[in-house]
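What you see below is based on every heavy atom in this structure, not just the backbone, and it leaves out hydrogens, waters and symmetry mates. Because the structure is a prediction, the values reported are computed rather than measured.
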Amino acid sequence: MIDSMSDVQNPLRLRKKHGTGAHKNVTAAGGRRLVAAQSIRNAIVAGLITIILFSLIWVVLSELTNRIFPWLTVALGFLLGSSIRLAGRGIDWRFPLIAAVLAASGSLIANIVVAASVTAEGFGTGTIQILQAVTSMTWPVFFDEVLTIADGVYASVASALAAFYANRRLSRSEYHALRLWREEQDND
């Protein structure tokens, strides 16, 4: 009879895709390294860069197709969450919160930039000149005529997606090391 943990493959069984079952050497020091690798500054900078690039791409896409795609803010949420996860390497609640706030504000900023681009095209001027000419009288018109309930729904979905994708995905051993480090911190 063949031992179930041996390396000999039984032709009637599926190929083993898992390890030997031996525990990896995990310590609280690994959890400390995970916590030390977090960077709120990097997450915010990556989020702001993502918002700027997304706004520019949305403006170019709108000008090329002569259409505005309000649902693109959902894509902004995914992009923000992914960039915050990669740059911030966060493992706690702060990073989804940062991602959700940046997604909500980024969708508003992107809508403002796209509306300014469309207005600039109508007046035959540049988007920057329209944005510089904004006054306190402009904002009520913008919120009444340009932003709709659908934009709010898309911004909410973008915030939820950004928050979902913002935290770093941990392997089992990384999660175990983080749990050991937190237990060590609670005991001190």
Side-chain angles (χ1 to χ4, degrees), residues 17 24 26 28-65 67-118 127-128 131 134 139 142-143 146-183 185-186:
K17 294 184 179 179
K24 293 184 177 179
V26 177
R32 185 179 313 109
R33 283 191 299 275
L34 286 172
V35 171
Q38 298 183 112
S39 174
I40 291 177
R41 182 184 57 86
N42 288 351
I44 291 172
V45 168
L48 293 175
I49 290 171
T50 302
I51 290 170
I52 291 168
L53 291 176
F54 175 80
S55 297
L56 293 175
I57 290 170
W58 195 8
V59 166
V60 168
L61 185 64
S62 294
E63 287 183 6
L64 289 176
T65 61
R67 295 184 63 196
I68 297 174
F69 303 102
W71 50 266
L72 276 178
T73 55
V74 174
L76 172 65
F78 172 75
L79 293 172
L80 268 172
S82 298
S83 66
I84 288 174
R85 180 183 65 225
L86 293 174
R89 303 182 56 83
I91 54 176
D92 59 11
W93 61 271
R94 298 174 296 177
F95 294 89
L97 179 66
I98 290 169
V101 168
L102 283 177
S105 60
S107 63
L108 178 63
I109 290 168
N111 274 313
I112 290 169
V113 171
V114 168
S117 169
V118 170
T127 304
I128 302 295
L131 289 173
V134 170
W139 293 115
F142 172 77
F143 286 113
V146 176
L147 283 185
T148 64
I149 298 293
D151 292 321
V153 170
Y154 292 137
S156 299
V157 171
S159 293
L161 271 176
F164 179 77
Y165 284 108
N167 264 351
R168 183 177 172 185
R169 306 293 182 241
L170 300 177
S171 67
R172 285 185 180 195
S173 60
E174 289 173 332
Y175 181 77
H176 188 157
L178 181 63
R179 197 174 104 219
L180 288 174
W181 181 79
R182 286 181 177 159
E183 288 173 1
Q185 295 300 310
D186 289 341

Applying side chain to side chain contact (heavy atoms under 4.5 Å, CB included), can you list everything that pairs with V134, at least two apart in sequence or on another chain?
T138, W139

Among residues at least two apart in sequence or on other chains, which ones pass side chain to side chain contact (heavy atoms under 4.5 Å, CB included) with A163?
P96, A100

In a table with atom names and distances, give each donor-acceptor pair under 3.5 Å that connects a side chain of residues 49-57 to protein atoms at least two apart or in another chain.
{"residue": "T50", "atom": "OG1", "partner": "A46", "partner atom": "O", "Å": "2.7"}
{"residue": "T50", "atom": "OG1", "partner": "S83", "partner atom": "OG", "Å": "3.0"}
{"residue": "S55", "atom": "OG", "partner": "I51", "partner atom": "O", "Å": "2.9"}

Backbone N/O of L180 and side chain of E183: donor-acceptor pair under 3.5 Å:
no

Whether D151 side chain and T148 backbone form a donor-acceptor pair below 3.5 Å
yes

Which atom of [X] lies closest to which atom of [Y], heavy atoms considered:
{"X": "P70", "Y": "Y154", "result": "O-CD1, 3.5 Å"}
{"X": "A162", "Y": "A99", "result": "O-CB, 3.4 Å"}
{"X": "A155", "Y": "T73", "result": "N-OG1, 4.2 Å"}
{"X": "A177", "Y": "G30", "result": "CB-C, 3.9 Å"}

Can you find a pair of side-chain heavy atoms, one from [X] and one from [Y], that are under 4.5 Å apart?
{"X": "I84", "Y": "L102", "answer": "yes"}
{"X": "L76", "Y": "L72", "answer": "no"}
{"X": "R168", "Y": "R89", "answer": "yes"}
{"X": "R85", "Y": "N167", "answer": "no"}
{"X": "V74", "Y": "L161", "answer": "yes"}

Atom [atom1] of residue position [X] - does it have more than 12 heavy atoms of other residues, nucleotides or ligands inside 6.0 Å?
{"X": "R67", "atom1": "CZ", "result": "no"}
{"X": "Y175", "atom1": "OH", "result": "no"}
{"X": "L64", "atom1": "CG", "result": "yes"}

Name all pairs fulfilling the ring-ring contact (aromatic ring centres under 6.0 Å, His included) condition that reach into residues 68-114, sequence neighbours left out, sorted by first residue then second.
F69-W71, F78-Y165

Might you work through the side chain to side chain contact (heavy atoms under 4.5 Å, CB included) test for L131 and I112, ending with a clear yes or no?
CA-CA 9 Å; L131 289 173; I112 290 169; 4.0 Å; yes

Quick one: pull up [atom1] in [X] and [atom2] in [Y] and give me the separation to the nearest 0.5 Å.
{"X": "I91", "Y": "R182", "atom1": "CD1", "atom2": "CZ", "answer": "5.5 Å"}
{"X": "R94", "Y": "I40", "atom1": "CZ", "atom2": "CD1", "answer": "3.5 Å"}
{"X": "L80", "Y": "L48", "atom1": "CG", "atom2": "CG", "answer": "9.0 Å"}
{"X": "D186", "Y": "W181", "atom1": "CG", "atom2": "CH2", "answer": "9.0 Å"}

Sequence neighbours excluded, every pair satisfying salt bridge (charged side-chain N to carboxylate O under 4.0 Å, His left out) that has a member inside residues 28-50
R32-E184

What pairs meet the side chain to side chain donor-acceptor pair (under 3.5 Å) rule with one or both residues in residues 105-118, with sequence neighbours excluded?
E63-S117

